[in-house]
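Sequential numbering from 1 along the given sequence is applied to the chain's residues. When reading the values below, keep in mind they use all heavy atoms of this one structure, side chains included, and skip hydrogens, waters and symmetry mates. Everything quoted here is computed from the prediction, not taken from an experiment.
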Amino acid sequence: ETAFEFGLGSSAANGVGNSLVAGNFGGDLTLNNNQTNSGGGVEVLSSFSGTGGIGYDASSSAIAMGNAVTGYACATCVNRMAITNRQNNATGVAATSTVTMTGANRQVNGVATAMGNTATFYVSQPNN
């Protein structure tokens, strides 16, 4: 992304080799998850460039994951959660975030996050 004399400018990029979201708000959640990432890798690039006289807030974020899984179930229901999770990441995972500014600026943020595997399992109360 590129902007000239901007108030707010941002760029964001996300990449995942394998991703799964499984949930049930009314009953049991049984999940047998196997994820293998062994291909060409995951590479995520994000950049923001601000040019000109005045810029205020600029940001760039890049998030890369080899394997990701999320499972959820209802906390107030009569149920159970049974999870078997196997994740194997055998390739590179990279994230790059850049911010380039010319001129005056108020706030500039750049964040890059790279992880091989992530797993999140939770119970929550549904909204009525």
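- Between N32 and R86, some side-chain heavy-atom pair lies under the 4.5 Å cut-off.
- Taking the side chain as every heavy atom from C-beta outward, T2 and F48 never approach each other to under 4.5 Å.
- Just one of S59, S60, S97 meets the side chain to side chain donor-acceptor pair (under 3.5 Å) condition when paired with S46; it is S60.
- Annotation: the span from T84 atom OG1 to L31 atom CG amounts to 8.0 Å, rounded to 0.5 Å.
- Nearest heavy atom pair, residue A112 against residue A95, reads CB-O, 3.6 Å.
- Between the S11 side chain and the S47 main chain, a donor and an acceptor come within less than 3.5 Å of each other.
- Aromatic ring orientation, Y122 versus Y72: parallel (interplanar angle below 30°, classes split at 30° and 60°).
- Between V42 and G17 the shortest heavy-atom distance is CG2-N, 3.6 Å.
- With hydrophobic clusters built from ILVMFWY side chains whose heavy atoms lie under 4.5 angstrom apart, M65 does not share a cluster with L45.
- Distance check, rounded to the nearest 0.5 Å: CG of N34 to CG of N18 gives 11.0 Å.
- Residue L20 forms a side-chain contact (heavy atoms from CB on, under 4.5 Å) with just one option from N85, N67, N33, and that option is N33.
- With hydrogens and angles ignored, the 3.5 Å screen pairs a side-chain donor or acceptor of Q35 with a backbone N or O of A68.
- One hydrophobic cluster, built from ILVMFWY side chains closer than 4.5 Å, holds both I83 and V69.
- Contact check for D28 versus M81: no side-chain heavy atoms found under the 4.5 Å cut-off.
- Each of V93 and M115 belongs to its own hydrophobic cluster when Ile, Leu, Val, Met, Phe, Trp and Tyr are linked at side-chain heavy-atom distances under 4.5 angstrom.
- A donor-acceptor pair is defined here as one N or O able to donate and one able to accept, closer than 3.5 Å; such a pair exists between the side chain of T91 and the backbone of G39.
- Here the OG-CD distance, from S10 to E1, works out to 7.5 Å after rounding to the nearest 0.5 Å.
- If you take CG on D57 and CG on N109, they are separated by 8.5 Å, rounding to the nearest 0.5 Å.
- Going from atom CD of E43 over to atom OG1 of T96 covers 6.5 Å, rounded to the nearest 0.5 Å.
- Other members of a hydrophobic cluster containing V111 are absent, since no ILVMFWY side chain comes under 4.5 Å of it, directly or through relayed contacts.
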**Item:** Verdict with supporting geometry, N37 and N89, side chain to side chain donor-acceptor pair (under 3.5 Å)
**Value:** CA-CA 5 Å; N37 184 25; N89 185 55; 2.9 Å; yes

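- A distance of 9.5 Å separates OH in Y56 from CD in E5, rounded to the nearest 0.5 Å.
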